[in-house]
Amino acid sequence: MTPIPDSTQKQATAQGSVIYYRDGKSVLARQGIDRKNVDLAQVPKHVRDAVIAAENRSFYEDGGVSLKGTARAVWSTLTGQQLQGGSTITQQLVRNYYSGLSQERSVARKFKEILIAMKVDQSKSKDWVLEQYLNTIYFGRGANGVQSAARAYFGKDVQELSVAEGAYLASVIQQPSRFADPKGSDLAAVQQRWQSVINAMVQTKALTRQQASAEKFPELRAPKKPFELKGQAQYMLEQVTAELNRRGYTDEDINGGGLKVVTTFDKKLMQAAQRAVDEVLPDSTPEKVRTGLAAVDPATGEVVAFYGGRPSQSKYYDSAFSAKVMAGSTFKPYTLAAALNNGFDLSTRVDGNSPLHVASAPQSIPNDGDRSYGQINLVSATQNSVNTAFVDLGQKVGLDKVAETAEAAGIPAAQLDQHKSAAAFPLGVASVSAVQNASGFSTFANKGVHMEAHVVISVTDAEGSKQVVRPVATKAISEQAAADTTYAMEQVVKYGTGTAARLYDRPVAGKTGTTDESKSVWFNGFTPQLAVAVDMFRDDNDTVTIPGYGTQFGGQLPAQIWREFMAEAMAGKPVEEFPEPSEYGWSSDYSVPDRATDAPRGDYPTSPANPEWGSPEPDSSSPPFATEPPATETSPNDGQSDEQTGQSDPPTTLVPDQPSGQQDNGQSNGRQSNGRQDDSRSGQPTG
């Protein structure tokens with residue numbers, strides 16, 4: 001009438017999961033119970049003999065219960081004394097392993113335990129019982145099971161334990177908390193207990209007297225501090241857990257399934273991301289200013305690194321995955337790609353005059369400084385981030401096509417739908433995360449194919465079955481459209497608003513982004529091997545202003561952070577070229593810039609410049625389209641943009657060289673770093 005329970009206690013069989021960096025060796029986090037089940041054959045015989053000698057010398061001969069021990073325990077309970085031991089290994093297993101047996105001290109529970117132990121002994125082999133027991137029992141130091149105990153006390157796997165070490169583990173079963181890190185009287189007590197186990201092994205003939213006398217009390221490893229998630233690790237764990245959930249793994253699987261999870265995160269690049277932000281951002285950066293960075297491998301979609309902000313700002317809400325802010329002009333390349341994928345080409349002329357009136361827009365849309373560019377081609381429109389040109393292009397290609405392209409490149413439809421009917425949609429009124437934007441630009445680096453962004457490479461379960469993540473691949477645009485979009489963005493970094501992101505030794509394509517009132521500022525760019533997005537914004541959605549640096553734009557601190565990270569990430573990597581763009585019949589106007597002659601002459605500073613330095617000399621290199629007028633953001637009256645006329649504050653940031661007379665006037669009150677405000681003064685809620 002007392003059947004063997006058909007289920008086990010979750011805590012008795014749960015195995016904690018270990019989450020690794022992408023190398024599969026460096027531990028990122030541990031989740032759940034510290035237990036790693038092993039087969040009995042992996043446990044050395046001398047370790048098994050020590051446990052049997054310490055806990056149940058008649059284990060292989062008894063019927064699963066000790067009549068004398070049980071009688072003693074029952075009498076203690078009936079007379080009100082503390083319930084004594086007297087339990088066999090089988091009884092201990094039954095109590096800790098099967099469901100339905102509480103830990104209460106009662107005669108009824110004790111008799112139920114005895115009956116089930118007898119039935120288990122009749123139906124299961126002794127080796128099965130011992131194996132489950134060794135994997136179930138608690139050894140102290142947070143270690144459940146003999147394998148975890150071997151790691152916790154001696155820093156080695158169970159099969160490597162010596163006789164003395166095995167005897168110590170057998171000793172702590174009796175009082176695991178007391179003997180976990182013994183000192184003083186506790187150390188003397190465990191040494192005595194250890195010696196009694198060694199002596200018991202002589203009595204059971206597991207050791208000879210000579211062997212026993214040669215054994216020395218083992219040296220214990222210092223206890224490890226509880227595993228703490230520091231820095232970005234909490235953010236990493238949150239994203240890994242969320243992705244595992246999406247892929248069908250429950251929290252119970254993660255905490256008790258003994259999974260080995262290999263993530264996409266590169267430990268060195270994670271550190272590089274942290275350094276880039278720490279080294280570029282000044283100490284004066286306000287607490288409410290948030291910075292996010294995300295790096296995606298275009299070929300695989302793997303998020304190899306990110307910076308989610310200071311954990312002191314928010315423990316679980318990070319700036320790379322969770323925070324979504326308006327994309328600003330970093331959205332313009334999706335519009336360009338949509339056009340190039342739907343019959344337009346780089347020589348297509350669009351209306352760059354300001355303001356631009358669109359029937360569907362309640363207000364006219366201006367350019368930065370209300371400057372008019374006339375009819376310009378798509379390369380110049382991108383290089384100079386001309387708002388009206390992209391609004392006109394969006395109207396020509398169709399905003400639905402722009403939305404389709406952005407979605408195919410990895411921007412979720414839900415974040416696009418409410419904006420895609422607005423004339424200013426191509427200017428980046430939709431909000432995206434740094435990871436989404438880096439993933440989107442990785443599409444251009446990967447020849448038009450978007451690889452699903454993900455943070456898990458593989459999952460191996462407790463039985464050794466390995467599941468490798470296969471990211472979804474989406475053909476977002478044609479290979480030629482991707483090459484042409486990339487070419488246009490190369491000009492942004494070489495001659496346009498993103499010169500602060502130049503790398504001296506390899507091609508870079510990218511786009512700055514600044515929303516109205518600089519509530520979010522971006523630099524999003526890539527090499528053929530890596531796509532990286534950097535954004536800055538405030539918790540309160542106010543203007544991003546840094547004391548000593550002024551109001552920020554995408555070409556300033558975000559571009560400098562991007563360059564700082566990429567310089568380290570690309571160090572030692574082979575230089576790869578972008579695909580050739582189309583000529584489209586205007587080859588006479590087309591030239592590929594030469595990095596050897598167009599490379600910047602020096603590093604861009606990450607601290608305010610001395611006003612006495614003045615403005616730098618203009619670069620002598622030529623822009624790529626000789627037929628287009630040199631781009632400048634200044635008005636002819638006094639060298640200042642319309643928005644800045646009348647300002648006379650000294651420069652607060654040294655600016656990089658500008659090509660063909662595009663000299664910065666320095667009169668920006670800290671609001672420029674590359675000779676122009678980068679973009680997106682649309683008059684809309686954002687630009």
Closer than 3.5 angstrom, by distance alone: can the side chain of [X] be matched with the main-chain N or O of [Y] as a donor-acceptor pair?
X	Y	answer
Ser17	Ile254	yes
Arg141	Ala152	yes
Trp194	Val172	no
Asn56	Ile52	no
Gln15	Asn37	yes
Asn245	Ala242	no
Ser520	Thr515	no
Glu238	Tyr317	no
Gln436	Ser433	yes
Gln232	Gly309	yes

Any Lys/Arg nitrogen of [X] or [Y] sitting under 4.0 Å from an Asp/Glu carboxylate oxygen of the other?
X	Y	value
Glu568	Lys268	no
Asp157	Arg151	yes
Arg178	Asp186	yes
Arg538	Asp540	yes

Problem set entry | Trace of the side-chain hydrogen bond (donor to acceptor under 3.5 Å, both in side chains) decision for Asn135 with Glu131 | CA-CA 6 Å; Asn135 284 319; Glu131 179 179 300; 4.7 Å; no
Other residues, nucleotides and ligands only: do more than 12 of their heavy atoms fall within 6.0 Å of [atom1] on [X]?
X	atom1	value
Glu287	CD	yes
Lys224	NZ	no
Met570	CE	yes

Between [X] and [Y]: side-chain donor-acceptor atoms closer than 3.5 Å:
X	Y	result
Gln92	Tyr133	yes
Tyr153	Asp181	no
Ser322	Asp318	yes

Contact summary for [X] and [Y], nearest pair of heavy atoms:
X	Y	value
Phe139	Val146	CE1-N, 3.6 Å
Ala569	Leu530	CB-CD2, 4.0 Å
Leu161	His46	O-NE2, 2.8 Å
Leu130	Tyr60	CD2-OH, 3.9 Å

For this session: Go through Leu557 and Val280 one step at a time and tell me if the side-chain contact (heavy atoms from CB on, under 4.5 Å) criterion holds.
Result: CA-CA 7 Å; Leu557 291 178; Val280 172; 3.8 Å; yes
Who pairs with [X] by side chain to side chain donor-acceptor pair (under 3.5 Å), at least two apart in sequence or on another chain?
X	answer
Glu404	none
Arg22	Glu302
Lys45	Asp49

Problem set entry | Euclidean distance, Leu28 CG relative to Met236 CE, rounded to 0.5 Å | 4.5 Å
Exercise. In Å, rounded to the nearest 0.5 Å, how long is the span from CZ of Arg35 to OG1 of Thr136?
Worked result: 5.5 Å
Problem set entry | Listed once per pair and sorted, the side chain to side chain donor-acceptor pair (under 3.5 Å) pairs that draw on residues 438-466, sequence neighbours left out | Ser439-His450
Are the side chains of [Y] and [X] in contact, using a 4.5 Å heavy-atom criterion?
X	Y	value
Gln274	Met270	no
Val190	Leu187	yes
Tyr138	Ile173	no

Problem set entry | ring-ring contact (aromatic ring centres under 6.0 Å, His included) against Phe265, all qualifying residues, sequence neighbours excluded | Phe306
Exercise. Taking only residues two or more places apart in sequence, or in another chain, which ones meet Phe523 in a ring-ring contact (aromatic ring centres under 6.0 Å, His included)?
Worked result: Trp562
For this session: Quick one: do Val27 and Arg30 satisfy side-chain contact (heavy atoms from CB on, under 4.5 Å)? Show the steps, please.
Result: CA-CA 8 Å; Val27 176; Arg30 299 182 189 275; 3.9 Å; yes
Exercise. Are Phe321 and Tyr235 an aromatic pair by the rule of ring centers under 6.0 Å?
Worked result: no
Exercise. Do the two ring centres, one from Phe441 and one from Tyr334, sit under 6.0 Å apart?
Worked result: yes
Exercise. Distance under 6.0 Å and angle within 45° of the ring axis: does Lys519 meet both against Phe537?
Worked result: no
For this session: Under the side-chain contact (heavy atoms from CB on, under 4.5 Å) rule, what do Gln159 and Gln147 come out as? Steps first, then yes or no, please.
Result: CA-CA 9 Å; Gln159 53 264 44; Gln147 166 62 15; 4.3 Å; yes
For this session: Walk me through it: do Ser319 and Arg290 pass the test side-chain hydrogen bond (donor to acceptor under 3.5 Å, both in side chains)?
Result: CA-CA 7 Å; Ser319 303; Arg290 302 287 295 266; 3.1 Å; yes
For this session: Start with the C-alpha distance between Leu281 and Ile561, add both sets of side-chain angles, then the distance that settles side-chain contact (heavy atoms from CB on, under 4.5 Å), and finish with yes or no.
Result: CA-CA 8 Å; Leu281 290 187; Ile561 292 171; 3.9 Å; yes
